[in-house]
Amino acid sequence: MPAPASPKVRKAVLTVIVVALVISTLPVWFSDPQGSGQMCGTQIFNNPLASVGVALALLGIWLPLRGRLKGRRRPISLAGWALVLVAEAHALLSWQPAASPSPATLPDGLAMGPWFYLGVFLTLAGMALSVAWLGEPRDGDAPRPR
């Protein structure tokens with residue numbers, strides 16, 4: 001897939017992915033069959049890894065890095081996406097239905113929550129696009145002299 005020509009378009013696409021990821025946390029992610037125990041996706045932000053991860057992803061996308069930090073845009077963004085992915089995995093593996101004294105099993109978690117999987121997909125897409133689009137400018141990305 002060819003990358004959009006403009007670095008601003010790349011940043012805008014990555015920002016839209018971050019916003020879509022945050023929006024995907026609004027509906028209920030997990031619910032037990034009886035409906036007594038639910039986990040809304042916004043609870044992921046109770047885990048500080050998710051909040052720090054979203055902040056780092058946005059920082060890596062938009063912060064103009066100069067001096068010693070030049071060339072660190074991709075690692076900063078990837079660290080943010082990785083933290084969000086870890087927080088999502090923690091939410092999946094630690095969700096506990098209200099009627100059960102033990103955490104849900106992995107097959108129980110995999111059978112529920114399409115919004116959760118949308119969030120994971122957006123996180124992985126953000127990681128992949130950060131690898132492809134962020135970093136040192138290539139020859140075609142250099143600004144043209146006026």
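Computed from a predicted model, the values in this text were never measured in an experiment.
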For Leu134 and Arg74 the tightest heavy-atom approach is O-NH2, 2.5 Å
Should Trp133 and Val131 be regarded as members of a common hydrophobic cluster, given that ILVMFWY residues are connected when their side-chain heavy atoms come within less than 4.5 Å of each other, either directly or indirectly? yes
Rounded distance [0.5 Å steps], CG in Leu63 versus CG in Leu58: 11.0 Å
In short, Met127 meets Leu85 closest at the heavy-atom pair SD-CD2, 4.2 Å
Residues at least two apart in sequence or cross-chain that pass side-chain hydrogen bond (donor to acceptor under 3.5 Å, both in side chains) with Thr15, listed by chain then number, are Trp62
For Phe45, the side-chain contact (heavy atoms from CB on, under 4.5 Å) test, sequence neighbours excluded, returns Val22, Thr25, Ala50, Ser51, Val54
Using the rule that two of Ile, Leu, Val, Met, Phe, Trp, Tyr join whenever any of their side-chain heavy atoms come within less than 4.5 Å, decide whether Leu129 and Val9 are in one cluster. yes
Counterpart residues, side-chain contact (heavy atoms from CB on, under 4.5 Å), relative to Val52 (two or more places apart): Leu56, Leu83
Nearest atoms (heavy-atom pairs only) where Ile17 meets Leu122: CG2-O, 3.4 Å
Determine whether Leu14 and Leu124 fall in the same hydrophobic cluster, where Ile, Leu, Val, Met, Phe, Trp and Tyr are linked whenever their side-chain heavy atoms lie under 4.5 Å apart. yes
What one should report as the nearest heavy-atom pair of Thr123 and Glu88 is OG1-OE2, 3.1 Å
Residues that Ser130 engages under side-chain hydrogen bond (donor to acceptor under 3.5 Å, both in side chains), provided they are two or more places apart: Ser77, Trp81
